[in-house]
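Lettering of chains follows the sequences in order, A, B, ..., and the numbering in each one begins at 1.
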Amino acid sequence: MAKANYDFNKIEAKWMKKWDSAKVFEVKKSKKKKFYVLDMFPYPSATGLHIGHAFVFSLGDIFARFKRLQGYNVLYPIGYDALGLPAENAAIKAKTHPKEYTKKSIANFMKQQKAMGWSYDWSRMVNTSDSDFYKWDQWIFLKMYEKGLAYRKKSSVNWCPKCQTVLANEQVHDGKCWRHEDTNVEVKHLDQWYLKITDYAQELLDGLEKLNWSENAKTRQRNWIGRSEGSEILFEINGKKWPVFTTRPDTIFGVTFLVVSAQHSELMELVSDEQKEEVKKFLKKLKGVSEKQMEDAEKEGVFTGSYALNPANGEKIPVYAGNFVVADYGSGMVMAVPAHDKRDFEFAEKYGIPIKVVVEPKDYEIYERNGQIPQAYEGEGSLVNSGEFNEMESGKVREEITKFLEKKKLGKKKVQFRLRDWLISRQRYWGTPIPMVYCDECGVVPVEEKDLPIVLPDKVTFGKGNPLTTNEKWIKTKCPKCGNKNGKRETDTMDTFANSSWYYLRYTDPKNEKKIFNSDDANYWAPIDQYIGGPEHITMHLIYARFYTKFLRDLGLLNFDEPATRYFTQGIIHGSDGEKMSKSRGNVVEPLETIKRFGADSLRLALVSLASPENDTVWDEKIVEGSSKFLRRVYDYFSNFNPGKIDPKIESKINKTIREISDNVENFKHNLAVIKLRQLFDSFSDKNLDKKTAEKFLLMLHVYCPFITEELWEKLGNKNFISLWSWPKVEEKKINDKFEKEDEIVKKVVDDINNIKKVLKKDKVKVSLYAIPSEVELLRNESETIKTLSGSAVLEVYAVNDAKVKSGEADPEGKAKKAKPGKPGIYLE
RNA sequence: GCGGGUGUGCCGGAGUGGUCAAACGGGACAGACUCAAAAUCUGUUAGCUUAGUGCUUACGAAGGUUCGAAUCCUUUCACCCGCACCA
């Protein structure tokens, strides 16, 4: 039979067009059960999609197609995270305006996305750089300001000299900028806008319980939020009380000094006149030291000249300023118990501060011969030197000591979080303008809602500093409160993560001009039922999005409080050299290139055959060749398809496969599903398949290879789209393990014949099989298969009780004696 | 330092108590087709052994639990990722 020519380029172009013009993937709210599948939207760059994108988005598409076939009303939208620094920087480099750059990049992305066969509802496309979109960023900001969740504060912030802007806590990785692995973040003192995410810390923590996310993702969020229970204790310094957070109130009698962070905003209040010079010298030394260097640095400090009173025993203890105390955790000040904390110990040793043991371990002596302790003892034990609490258990006495202090109004229980407020100001152009005005008379004044959006001006000069400060006409405005004409707009823009924190909601009602979205729409489609993205977003985007969702719920706009109930963290595909794909390494794979050579279907199939999707892997183009080979065979088979009568064996197998694959797809085990599809296909032969069963196979293959399956679906005589058909159902009754056992018998016989051939070093042979009577029929039916697979010239199947066998005529060496159930005797000649 | 993960045959990678010398793909080798090659198809691919068998070695390393371990436990090594002076 003539080989069918699998012209994938033509086929893919054809269906792309058909899907587009029939608007197959556009959805509306309906009575049907909804399912919201979402991939994290990309930020468009001129370099276009790379293989990593191709992979994640294909995972989303597979899931969306699967759920669609299962009968859900599937929302699967796409958009562009167009605002942000990378676009601004790339535009500057390319000497164009970010707006132009973004526009071009998006057009390029769209071309590639369509080529990949991703089934987006294009009518819902969202672009964060449209003022229609970021207007609502500003609206949310105003609402937060109204509720006291957006505020301005001066504090030490992380500054990236390359980005020329401040960064959020989440964007500093290992002391470096998240975008510049080689750039140390500097510490600056600036007045900046913050969002009070910490108000939701407890809820963000509790909410994790009910989410169907990987344990790893949840653990990382938990650690990031970092809840610790302890006490807040007040220390009196120069007549004023200063709070200090500790998880070990039981060691209060061992406090021999206090350390205040060198970055503490009220540090100078504590410094005595005599010590001013010393402290200033110390601060000068620290200045210009990057956060990274600070982490590596030895503990250092300077005496402030002030003394505090230990609230437990009234002892006078010195107050130091230190480089190792984090300014914005707790109160930026710590009580130091050198005997029971190794950092305090180190510090005390260095500056000759007394070390006072207040906890004795149960079963050993912590002292050295000279009465000194060699190192801090951080474990539990019984209290000593602690007044009325002596001999009590350190672990049990915390509560009591806190109560004791509480009575004196010098302490209370406190829960402290590691999570910091979200620094949202950026000193860059390509972001959402923060809708605030500075008025000489009224101070900081929010823009009125009716005046939104505050549109980014096109005319700015790029160069040093924030480009927005170069457009004076834009900056100058009327004060919304008093009408004074000398108002000045805020020139800081929002962190790009502001956009991505709620974009998923805009998809549910993308064109709404009156409202951020219609609550009915949002409540119908959202939350996201299956979110897909990389591990790098767990402590950034996903924390912020959860926070925004809870806030919008509090505004009464949503009846749920988590953005995504199920989250799949996909693995990273590395370049063929095993390194992370990057332009500078030159190991980037362009999907369009691969599509040209093998087709999108082959690429998609390859991407999921490579490995289990949650694991990191190394890209290997050989996989695409393998997938392409398989698809050519599939195409050939179904192009020449003549429906026959369904073989019950195949029927059993396909039903079993449907059951397994349904489960695999649901759980992202695509690599396994693909293997099962291949095995199923291998069992198809010229005449053992009817049209219905053929279609079931195509339907399952469809989620991976949408184009070729549409084409073959049509070739089978169907007029509708396979994309909109329905997922095959398992017919349990058709599954019969008998067939598998028979297959095994046949396979074993073939293996045995081949083995004997090998031992005898014979090639073409005449084979005689002596089977127990109940297996004779099976082996006779399969004799052609056995002949082919074993390369035998002639094959005779006898029953062991056949007269000719018994007489030895047909069994010269008595091999029939070896026959057992499932294992016929074999004679070769 | 803390937390999470990974380690399987020539390679990628399944498998989490027996049906495992271990799915599937790739590579290599052999055979068929061909004048030849590519493509395609078939087989082999730990070692020894054998008329279809049996044995040994093997799932990072070392121990242990068990009638039985790639799979469970302990220790250890290597690599990857996240957080990190958070009091």
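- With hydrogens and angles left out, the side-chain atoms of A:Arg632 and A:Ser628 include a donor and acceptor closer than 3.5 Å.
- Taking atom C1' on both B:rU76 and B:rU6, the two are 16 Å apart, rounded to the nearest angstrom.
- The distance between atom CG of A:Asn216 and atom P of B:rU6, rounded to the nearest whole Å, is 10 Å.
- Side-chain contact check for A:Ser685 and A:Asn688: at least one donor-acceptor pair (N or O, by modelled atom type) lies under 3.5 Å.
- Using a 4.0 Å heavy-atom distance criterion, A:Phe630 is classed as making no nucleic acid contact.
- Across the C1' atoms, B:rG5 and B:rC10 are found 26 Å apart, a figure rounded to whole Å.
- Taking every side-chain heavy atom of A:Gln679 into account, B:rA23 is the closest of B:rA23, B:rU40, B:rA51.
- Side-chain contact between A:Gln221 and A:Trp213 is present, with heavy atoms from C-beta onward closer than 4.5 Å.
- The side chain of A:Lys629 lies closest to B:rG26, out of B:rG26, B:rA39, B:rA87.
- Spacing between atom CG of A:Asn223 and atom P of B:rG5 amounts to 12 Å, rounded to whole angstrom units.
- When each of A:Pro824 and A:Phe417 is assigned the nucleotide of RNA chain B bearing its nearest heavy atom, the one mapping closer to the 5' terminus is A:Pro824.
- Protein atom CG of A:Leu605 is 12 Å distant from nucleotide atom C1' of B:rC24, rounded to whole Å.
- For A:Arg633, taking side-chain heavy atoms from C-beta onward, the closest of the listed nucleotides B:rA87, B:rG3, B:rC41 is B:rC41.
- Comparing A:Asp341 and A:Ile753 along RNA chain B, the residue whose closest nucleotide (by nearest heavy atom) sits nearer the 5' end is A:Ile753.
- Annotation: B:rA23 and B:rU8 have their C1' atoms spaced 13 Å apart (nearest Å).
- With both pairing distances under 3.5 Å, B:rC59 is matched to nothing as a Watson-Crick or G-U wobble pair.
- For residues 253-265 of chain A, there are no salt bridge (Lys or Arg N to Asp or Glu O under 4.0 Å) pairs, not counting sequence neighbours.
- Separating the NZ atom of A:Lys747 from the C1' atom of B:rU42 is a distance of 14 Å, rounded to the nearest angstrom.
- Applying the 4.0 Å criterion to OP1 and OP2 of B:rU53, one finds that A:Lys748 has a side-chain N or O inside that range.
- The base-pairing partner of B:rG3, taking Watson-Crick or G-U wobble contacts with both distances under 3.5 Å, is B:rC81.
- Between A:Phe681 and A:Phe684, the ring planes lie perpendicular to each other; the angle is over 60°, past the 30° to 60° tilted range.
- When heavy atoms are screened at a 4.0 angstrom cut-off, A:Lys676 is found touching no nucleic acid atom at all.
- The closest side-chain donor-acceptor pair between A:Ser394 and A:Glu380 falls under 3.5 angstrom.
- The distance from atom CG of A:Asn754 to atom C1' of B:rU45 is 15 Å, rounded to the nearest whole Å.
- Base pairing of B:rC29: its partner is B:rG43, meeting the Watson-Crick or G-U wobble criterion (both donor-acceptor distances under 3.5 Å).
- Counting any heavy atom pair closer than 4.0 Å across all strands shown, A:Gly322 reaches no nucleic acid atom.
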Protein proximity profile, nucleotides 9-22 of chain B - base contact B, sugar-phosphate-only contact S, no contact -, cut-off 4.0 Å on heavy atoms = ---SSS--------
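- Counting non-hydrogen atoms under 4.0 angstrom, A:Val325 reaches a base of the nucleic acid.
- What separates NE2 of A:His264 from P of B:rA87 is a distance of 17 Å, to the nearest Å.
- Listed candidates were B:rG82, B:rG3, B:rA87. Nearest to the side chain of A:Arg220 is B:rG82.
- Between A:Ile572 atom CD1 and B:rG4 atom P the separation is 21 Å, expressed in whole Å.
- Taking side-chain N and O atoms only, A:Ser627 has no distance below 4.0 Å to OP1 or OP2 of B:rG25.
- Of the candidate nucleotides B:rA39, B:rA84, B:rG3, B:rA84 has the atom nearest to the side chain of A:Trp224.
- With B:rC24, B:rA51, B:rC83 as the candidates, the nucleotide lying closest to the side chain of A:Arg418 is B:rC83.
- With hydrogens and angles left out, the side-chain atoms of A:Asp421 and A:Thr198 include a donor and acceptor closer than 3.5 Å.
- One finds no side-chain N or O of A:Lys622 lying less than 4.0 angstrom from the OP1 or OP2 phosphate oxygen of B:rA28.
- For the residue pair A:Asn323 / A:Lys299, no side-chain donor-acceptor distance below 3.5 Å is found, with atom types taken as modelled.
- Separation of the A:Phe417 and A:Tyr329 ring centroids does not fall under the 6.0 Å cut-off.
- Closest approach to the A:Asn755 side chain among B:rC83, B:rU50, B:rA87 is made by B:rU50 (side chain taken as heavy atoms from C-beta onward).
- When heavy atoms are screened at a 4.0 angstrom cut-off, A:Arg632 is found touching the sugar-phosphate backbone but no base atom.
- Note: A:Trp178 and A:Phe497 have tilted aromatic rings, judged against thresholds of 30 and 60 degrees for the angle between ring planes.
- Remark: A:Tyr329 is in phosphate contact with B:rA87, judged by side-chain N or O atoms under 4.0 Å from OP1 or OP2.
- B:rG12 is paired with B:rC24 under the Watson-Crick or G-U wobble criterion, all donor-acceptor distances under 3.5 Å.
- Comparing the P positions of B:rG13 and B:rG26 gives a spacing of 16 Å, expressed to the nearest Å.
- Between the C1' atom of B:rU53 and the CD1 atom of A:Ile756 lies a distance of 10 Å, rounded to the nearest Å.
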